[in-house]
Structure formats: C-alpha cells, structure tokens
Amino acid sequence: MTTYEHDSTRVTNPRAAVTAEQVDNYLRTPDYDEAALARLLLLACELHGIHHAARACVLSEAILRRQLNGRRPLYLDTVLGVMRALGLRFRVEVV
C-alpha cells in the first residue's frame, strides 16, 4: 500500500496512487530537472494509455510524445492535462 492509498481513503484508483507516489518521490529528490520529469510523465502516460492523456491535453498522441520526450520545454498546461488524465492533482506545500 502506498502513502497515497494509506493517507487518503478517497483514492479509488490504485494505479493513480502508485503514479502519484512515483512523481512525488521524484520531485523530492534534490537534483530533479524538467527533462526527467517530462520523461517520467511520458512513461506514466504510456503505461496508462497515452490516448487518454492526449485527449485531456487536446493534443494528438504524436505531439504529446514530442512535448514529453525531454528535449522540448515542458508547458504547465501540458503537465496539468497529463496529471488530470492520470487521476492526479497538482498541489503545493511548504518545505
């Protein structure tokens, strides 16, 4: 059971809980970068069905793959669309 499954009884999608745990762990590392985050989101999209994420971002699958390949700037609207498609919520907390 992941931290997200344990902390929230509202989680009905265990796959989203695992993905949230992976993204959160990555963002807590001191040396993360934009390109690696993009590739992590691309991998999550591919595992969960990239067509859903592409539809949420109002992009074709090919364009979404290009935006998340780590070689182009990562746009916040793309990140939010992908996270929404994966069943994740973006939140900010004090460190």
Side-chain angles (χ1 to χ4, degrees):
M1 178 174 284
T2 70
T3 303
Y4 288 89
E5 288 173 327
H6 185 269
D7 289 347
S8 175
T9 57
R10 298 177 306 174
V11 172
T12 58
N13 185 348
R15 185 183 296 176
V18 170
T19 303
E21 186 84 18
Q22 292 169 339
V23 172
D24 191 48
N25 286 339
Y26 176 73
L27 291 174
R28 290 177 189 269
T29 61
D31 58 342
Y32 70 88
D33 67 343
E34 177 183 330
L37 175 62
R39 288 189 302 272
L40 176 66
L41 292 174
L42 177 59
L43 177 62
C45 287
E46 289 173 343
L47 291 173
H48 302 290
I50 197 162
H51 56 279
H52 296 298
R55 190 175 321 129
C57 295
V58 193
L59 300 170
S60 70
E61 290 180 29
I63 291 174
L64 183 60
R65 284 181 199 278
R66 276 188 292 225
Q67 285 190 1
L68 296 178
N69 71 6
R71 296 185 192 125
R72 297 175 184 248
L74 188 58
Y75 298 107
L76 183 60
D77 59 336
T78 302
V79 171
L80 295 176
V82 166
M83 292 181 75
R84 186 173 31 256
L86 295 174
L88 306 177
R89 183 179 357 182
F90 190 77
R91 75 176 189 201
V92 178
E93 59 185 47
V94 178
V95 292

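Computed from a prediction, not measured in an experiment: that's the story for all the values here. Values below: every heavy atom of this structure, side chains too, minus hydrogens, waters and symmetry copies. Counting begins at 1 with the first residue of the sequence.
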When hydrophobic residues are tied together by side-chain contacts of less than 4.5 Å, even through go-betweens, does Val58 share a cluster with Ile50?
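As far as the 4.5 Å side-chain criterion goes, Ile50 and Val58 are not connected within one cluster.
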Mind checking the [atom1]-[atom2] spacing from [X] to [Y]? Nearest 0.5 Å is all I need.
X: Leu41; Y: Thr78; atom1: CG; atom2: OG1; value: 10.0 Å
X: His52; Y: Glu61; atom1: NE2; atom2: CD; value: 9.5 Å
X: Leu68; Y: Leu43; atom1: CG; atom2: CG; value: 11.0 Å
X: Asp33; Y: Arg39; atom1: CG; atom2: CZ; value: 6.5 Å
X: Arg55; Y: Leu64; atom1: CZ; atom2: CG; value: 12.5 Å
X: Leu59; Y: Gln67; atom1: CG; atom2: CD; value: 5.0 Å

Which atom names give the shortest non-hydrogen contact between [X] and [Y], and what distance separates them?
X: Arg65; Y: Glu46; result: NH1-OE2, 2.6 Å
X: Ala53; Y: Ala85; result: CA-CB, 3.4 Å
X: Leu40; Y: Gln22; result: CD2-O, 4.2 Å
X: Gly81; Y: Ala56; result: O-CB, 3.6 Å

Check whether any side-chain heavy atom of Ile63 lies under 4.5 Å from a side-chain heavy atom of Arg66, and answer yes or no.
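When only atoms from C-beta onward are counted, Arg66 and Ile63 do touch, with a gap below 4.5 Å.
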Does any part of the side chain of Arg84, heavy atoms only, come nearer than 4.5 Å to the side chain of Cys57, both counted from C-beta?
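They are not in side-chain contact.
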Can you tell me if OH on Tyr26 sees more than 12 non-hydrogen neighbours from other groups inside 6.0 Å?
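Yes, because the 6.0 Å sphere around OH of Tyr26 holds more than 12 heavy atoms from other groups.
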